[in-house]
**Student:** 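Sharing a structure with you now.
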2 protein chains.
Amino acid sequence: MATGCVFCDGDGGRRLWRDARCRVVLTDEPFAGFCRVIWNAHAREMTDLAAPDRAHLMDVVFAVEAALRARLRPTKMNLAALGNVTPHLHWHVIPRFGDDSHFPQPVWGARQRAAAPRAVPDDFVPALARDLSATLGALAVG
Amino acid sequence: MATGCVFCDGDGGRRLWRDARCRVVLTDEPFAGFCRVIWNAHAREMTDLAAPDRAHLMDVVFAVEAALRARLRPTKMNLAALGNVTPHLHWHVIPRFGDDSHFPQPVWGARQRAAAPRAVPDDFVPALARDLSATLGALAVG
């Protein structure tokens with residue numbers, strides 16, 4: 001049954017990893033490698049979670065950051081939990097490149113230039129899924 | 001000696017709390033209660049820190065979130081570690097209000113309206129400093 005919350009009603013992207021508490025998806029945002037880590041249950045803020053759940057969610061966020069850094073060698077990583085439009089707890093994990101469309105502005109800021117063409121490697125999705133399973137110790141890609 | 005990094009050369013705001021690893025400051029950004037948690041040493045990414053240091057920094061971020069929620073009752077909290085312009089590890093901890101200048105856009109996004117007047121309480125700085133010392137178990141406000 002549709003709840004009206006996009007992260008309750010669907011995965012929110014191409015699933016790379018999940019466990020009982022949260023999932024990692026690759027988004028279709030126009031930034032190469034832009035992933036989200038989404039808490040499965042409908043919680044609003046980090047401080048609405050119990051401390052062990054907060055720690056687990058951050059461990060997953062940092063595993064995604066590490067995998068993206070190793071695979072894509074970005075100029076900078078950006079992490080953000082905003083949720084003003086979709087108040088279902090999720091983290092944006094965004095590899096940023098000096099020649100991307102908005103750098104050094106946040107991806108939500110003013111566009112700086114036409115985006116340099118940048119494709120992720122052909123094997124990016126299964127490779128990142130393997131990285132996350134290896135780090136986080138659970139199986140992936142439903 | 002000036003290093004050329006604003007978070008190495010100065011506190012980066014009005015100091016509310018600090019320990020040997022990180023500090024909490026109130027910024028002068030035009031969003032009531034906008035705090036930053038700044039890692040004292042010049043590190044670049046969360047995954048450049050050892051896991052216990054990452055966990056400590058996030059504990060401080062979540063203590064700030066909890067204190068701001070209790071004191072200001074925001075519509076939503078926003079958390080972000082970007083650092084594209086200043087690549088010295090820091091977290092933005094931003095209470096958001098439905099009538100603030102940018103809501104529901106990120107504070108870096110498109111302005112939506114003139115900001116509603118919103119002042120923090122008169123005792124906000126010492127009160128938040130006390131909250132953080134109580135939660136984090138160390139002394140504050142240098």
Side-chain angles (χ1 to χ4, degrees), chain A residues 31 43-70 73-100 102-112 131 135, chain B residues 31 43-70 73-100 102-112 131 135:
Chain A
F31 293 89
R44 186 176 178 87
E45 305 282 8
M46 285 302 290
T47 48
D48 290 334
L49 300 187
D53 286 339
R54 285 204 295 267
H56 178 68
L57 179 51
M58 296 316 300
D59 283 347
V60 176
V61 168
F62 299 139
V64 175
E65 174 175 300
L68 288 170
R69 289 181 74 185
R73 305 279 169 203
T75 307
K76 187 73 190 65
M77 288 300 305
N78 288 179
L79 304 176
L82 307 176
N84 304 326
V85 174
T86 303
H88 176 136
L89 192 55
H90 62 280
W91 282 88
H92 306 285
V93 185
I94 315 168
R96 300 298 308 277
F97 298 90
D99 59 1
D100 76 32
H102 287 60
F103 198 89
Q105 291 303 306
V107 300
W108 308 279
R111 175 181 291 268
Q112 304 295 302
D131 295 340
T135 308
Chain B
F31 293 89
R44 186 175 177 88
E45 305 283 7
M46 285 302 290
T47 48
D48 290 333
L49 300 186
D53 286 339
R54 285 203 295 266
H56 178 67
L57 179 51
M58 296 316 301
D59 283 347
V60 176
V61 168
F62 299 139
V64 175
E65 174 176 299
L68 288 171
R69 289 181 74 186
R73 305 280 169 203
T75 307
K76 188 73 189 66
M77 289 300 305
N78 287 179
L79 304 176
L82 308 176
N84 304 325
V85 174
T86 303
H88 175 135
L89 192 55
H90 62 280
W91 282 89
H92 306 285
V93 185
I94 316 168
R96 300 297 309 278
F97 299 90
D99 60 0
D100 76 33
H102 287 59
F103 198 88
Q105 291 303 306
V107 300
W108 308 280
R111 175 181 290 267
Q112 304 295 303
D131 294 341
T135 308

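Protein chains get the first letters and strands the later ones, always in sequence-line order, with residue 1 at the start of each. Scope of the values below: all heavy atoms of this structure, side chains included, with no hydrogens, waters or symmetry mates. Predicted, not measured: the structure shown is a model, and the values here were computed from it.
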**Student:** At a 4.5 Å cut-off on heavy atoms, which part of Phe62(A) comes close to chain B: side chain, backbone, both, or neither?
**Tutor:** both

**Student:** If I measure from the heavy atoms of chain A, does Ala66(B) come under 4.5 Å with its side chain, its backbone, both, or neither?
**Tutor:**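 Answer is both: backbone and side chain atoms of Ala66(B) are under 4.5 Å from chain A.
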
**Student:** Given the options Ile94(B), Val85(B), Leu82(B), which has more heavy-atom pairs under 4.5 Å with chain A than any of the others?
**Tutor:**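 The option with the most such pairs is Leu82(B).
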
**Student:** Going by heavy atoms in the side chains, are Trp91(B) and Leu79(A) under 4.5 Å from each other?
**Tutor:** yes

**Student:** Could you have a look at Gly109(B), Ala81(B), Ala63(B) and say which one has the most heavy-atom pairs with chain A under 4.5 angstrom?
**Tutor:**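 Going by pairs under 4.5 Å, I would pick Ala81(B).
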
**Student:** For Met58(B), is it the side chain, the backbone, both, or neither that has a heavy atom closer than 4.5 Å to a heavy atom of chain A?
**Tutor:**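 Answer is side chain: those atoms of Met58(B) sit under 4.5 Å from chain A.
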
**Student:** Can you tell which part of Arg69(A) gets under 4.5 Å to a heavy atom of chain B, answering side chain, backbone, both or neither?
**Tutor:**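 Answer is side chain: those atoms of Arg69(A) sit under 4.5 Å from chain B.
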
**Student:** Which atoms of Met46(A) are under 4.5 Å from chain B, going by heavy atoms: the side chain, the backbone, both sets, or neither?
**Tutor:** both

**Student:** Kindly say whether Gly83(B) contributes a backbone atom to a donor-acceptor pair with the side chain of Lys76(A) at under 3.5 angstrom?
**Tutor:** no

**Student:** As an exercise, state the distance from CG of Leu68(B) to OG1 of Thr47(A), rounded to the nearest 0.5 Å.
**Tutor:** 9.5 Å

**Student:** For the candidates Gln105(B), Arg54(B), Arg44(B), Glu65(B), which exhibits the highest count of non-hydrogen atom pairs separated by less than 4.5 Å from chain A?
**Tutor:** Glu65(B)

